[in-house]
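One-based numbering along the sequence shown.
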Amino acid sequence: MSRVLIVGAGLTGSLCASLLRRELPNKVNIVVWDKSRGAGGRMSTSRSPNDPSCTVDLGAQYISATPYYARIHSSFYEELLAQDILKLLVAPVEGMMLKEEEIVNYVTPHGVSSIIKHYLRESAGAEVLYDRHVTHIHRKDTGWEVCRKGGMPERFDIVVLTMPVPQILQLQGDVESLMGENQRRMLEAVSYSSRYALGLFYKADTRIDVPWAAKYVSNNPCIRFIAIDDKKRNLASKKCGPSVVVHTSVPFGIQHLEEEKDVVQPIILEELEKVMPDLPQPDSIKCQKWRYSQVTRSVADCPGQMILHSQPLLVCGGDGFTHSNFDGCIESALK
């Protein structure tokens with residue numbers, strides 16, 4: 001039975017595992033590694049350290065389906081809607097740009113990482129392991145030897161890389177020599193925006209009185225987006241405190257990219273006070289640096305994937321090969 005390693009437990013990696021399981025139910029042994037402590041990648045949901053029922057989405061905020069993708073990916077949307085993983089976004093979002101009239105926006109009542117967890121469950125029997133940071137990939141006989149930080153190398157027949165493109169380019173071992181000059185140029189041309197996100201968690205009796213659930217901010221050099229996350233998901237509860245997510249602008253993210261989070265967090269909070277002077281003091285705060293936030297330039301012609309070696313198979317995918325949203329990751333996983 002072929003042993004397949006998928007590197008990255010974000011949307012592309014988890015969906016790829018699920019699709020492999022559906023297509024080849026008894027023919028592959030699927031292993032998923034992620035360098036983080038949990039699933040989600042940029043579709044991550046964080047919990048308050050003081051109340052696990054209080055959560056906040058620090059990455060993707062909602063999912064926008066254009067008429068084209070709603071049609072060609074209808075089975076994916078219908079599956080997630082049927083299981084209450086997706087629901088229509090009905091809460092008011094101030095300043096949202098309506099690029100296309102028929103776009104439908106969805107939220108995730110249980111946090112955006114619930115999509116990833118669903119696909120990992122669907123990859124029934126897949127071995128999903130965290131704190132697995134891949135450093136080297138070596139060609140060994142008819143397969144691959146994959147090395148990770150602080151652990152023994154393991155052998156796989158097929159390797160699928162779904163992490164951000166710059167992390168693929170940083171891999172040591174045989175990856176560099178297997179990559180064609182044209183492939184390397186295409187990968188080096190991929191670019192990402194960078195930003196910070198703050199999650200603010202509150203005690204159960206806290207009230208945040210604003211007329212919106214989420215808001216795009218246009219007149220602040222630091223802050224670009226704020227959401228009262230439970231309100232955005234239409235989930236307000238008396239048992240659980242509210243949570244707020246703050247996304248910085250990309251220029252601010254790039255300016256402070258190499259600084260420590262504990263240096264940047266007070267700057268964001270100071271700017272937040274200017275935008276929301278009546279915001280109560282949070283019970284706890286989480287600061288997230290998104291070095292690779294959204295793809296600003298993907299691999300030319302958006303092929304969805306790139307084969308670095310065919311026998312044994314070493315293939316790359318992710319939104320860097322399509323475009324940076326839910327449907328881009330579906331397209332890549334399908335390819």
Side-chain angles (χ1 to χ4, degrees), residues 7-13 34-46 56-64 95-97 112-113 116 133-134 161-171 186-200 214-227 229 244-272 274-275 285-300 302 316-326 328-329 332:
V7 182
L11 181 52
T12 305
D34 196 281
K35 70 174 188 174
S36 300
R37 287 179 295 172
R42 283 164 284 160
M43 297 185 88
S44 77
T45 304
S46 286
V56 73
D57 289 329
L58 289 177
Q61 292 298 302
Y62 51 86
I63 287 165
S64 300
M96 184 191 278
M97 297 282 287
V112 75
S113 68
I116 312 313
H133 186 167
V134 174
L161 304 172
T162 72
M163 65 270 231
V165 171
Q167 294 177 352
I168 294 172
L169 288 166
Q170 288 163 12
L171 289 170
M186 290 169 83
L187 294 180
E188 285 174 345
V190 175
S191 60
Y192 293 77
S193 61
S194 303
R195 56 167 50 86
Y196 282 84
L198 278 193
L200 283 66
K215 174 181 183 172
Y216 285 92
V217 179
S218 57
N219 57 353
N220 185 281
C222 168
I223 293 169
R224 180 71 185 104
F225 179 83
I226 306 169
D229 227 25
V244 174
V245 62
V246 180
H247 276 185
T248 72
S249 68
V250 171
F252 178 90
I254 292 167
Q255 183 188 345
H256 297 277
L257 190 58
E258 303 308 330
E259 294 173 30
E260 294 298 321
K261 288 188 286 188
D262 57 3
V263 172
V264 179
Q265 180 175 308
I267 303 169
I268 303 170
L269 288 171
E270 191 179 323
E271 292 298 327
L272 180 61
K274 294 175 189 174
V275 179
I285 301 173
K286 174 159 187 193
C287 184
Q288 173 74 47
K289 181 192 292 189
W290 293 116
R291 184 176 291 276
Y292 307 115
S293 175
Q294 287 176 297
V295 177
T296 51
R297 186 169 60 242
S298 59
V299 168
C302 297
C316 315
D319 60 351
F321 297 82
T322 49
H323 42 94
S324 205
N325 56 20
F326 179 70
C329 292
S332 180

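- Closest heavy-atom contact between Ile116 and Ala39: CG2-CB, 3.9 Å.
- No side-chain donor-acceptor contact under 3.5 Å links Tyr292 to the backbone of Pro166.
- With hydrogens and angles disregarded, a donor-acceptor distance shorter than 3.5 Å links the side chain of Arg42 to the backbone of Ser293.
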Quiz item: Given the rule in the side-chain contact (heavy atoms from CB on, under 4.5 Å) test, do Leu171 and Leu161 qualify, once you have shown the distances and angles that lead to the verdict?
Solution: CA-CA 10 Å; Leu171 289 170; Leu161 304 172; 3.7 Å; yes
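- One N or O on the side chain of Ser194 and one on the backbone of Arg291 form a donor-acceptor pair closer than 3.5 Å.
- Listed here is the closest heavy atom pair of Gly328 and Thr322: O-OG1, 2.8 Å.
- Using a 3.5 Å distance cut-off with no hydrogens or angles, the side chains of Thr296 and Ser191 do pair a donor with an acceptor.
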Quiz item: Given Leu58 and Val245, is the side-chain contact (heavy atoms from CB on, under 4.5 Å) satisfied, shown in steps?
Solution: CA-CA 6 Å; Leu58 289 177; Val245 62; 4.1 Å; yes
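- Relative orientation of the Phe225 and Tyr62 rings is tilted, given thresholds of 30° and 60° on the angle between their planes.
- In this structure, Arg297 contributes its side chain and Tyr192 its backbone to no donor-acceptor pair below 3.5 Å.
- Across all non-hydrogen atoms, the minimal contact from Ile168 to Cys316 is CD1-CB, 3.9 Å.
- Of the inter-residue distances, the one linking Ser298 atom OG with Met186 atom CE reads 9.5 Å to the nearest 0.5 angstrom.
- Within the 3.5 Å criterion, the main-chain N or O of Val56 finds no donor-acceptor partner in the side chain of Thr45.
- Of the possible polar contacts, one joining the Ser193 side chain to the Gln294 backbone as a donor-acceptor pair under 3.5 Å is found.
- Between Gln167 and Lys35, the closest side-chain pair of non-hydrogen atoms falls below 4.5 Å.
- Pairing each heavy atom of Asp262 with each of Pro266, the nearest pair is O-CD, 3.2 Å.
- Here the side chains of Phe252 and Ile267 are in contact, with some heavy-atom distance below 4.5 Å.
- Among all heavy-atom pairs drawn from Pro221 and Ser249, the shortest one is O-OG, 3.1 Å.
- For the atom pair Met43 CE and Gln61 CD, the distance stands at 10.5 Å (nearest 0.5 Å).
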Quiz item: Under the side-chain contact (heavy atoms from CB on, under 4.5 Å) criterion, do Phe321 and Val295 qualify, and how do the steps go?
Solution: CA-CA 9 Å; Phe321 297 82; Val295 177; over 6 Å; no
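- Rounded to the nearest 0.5 angstrom, Met96 CE and Ser64 OG are separated by 6.0 Å.
- The shortest distance between side-chain heavy atoms of Ile226 and Val244 falls below 4.5 Å.
- Rounding to the nearest 0.5 Å places CD1 of Ile268 at 10.5 Å from NE2 of His247.
- Rounded to the nearest 0.5 angstrom, Ile285 CD1 and Leu272 CG are separated by 9.0 Å.
- With values rounded to the nearest 0.5 angstrom, Leu198 atom CG is found 10.5 Å from Lys261 atom NZ.
- Closest heavy-atom contact between Glu259 and Lys289: O-NZ, 3.0 Å.
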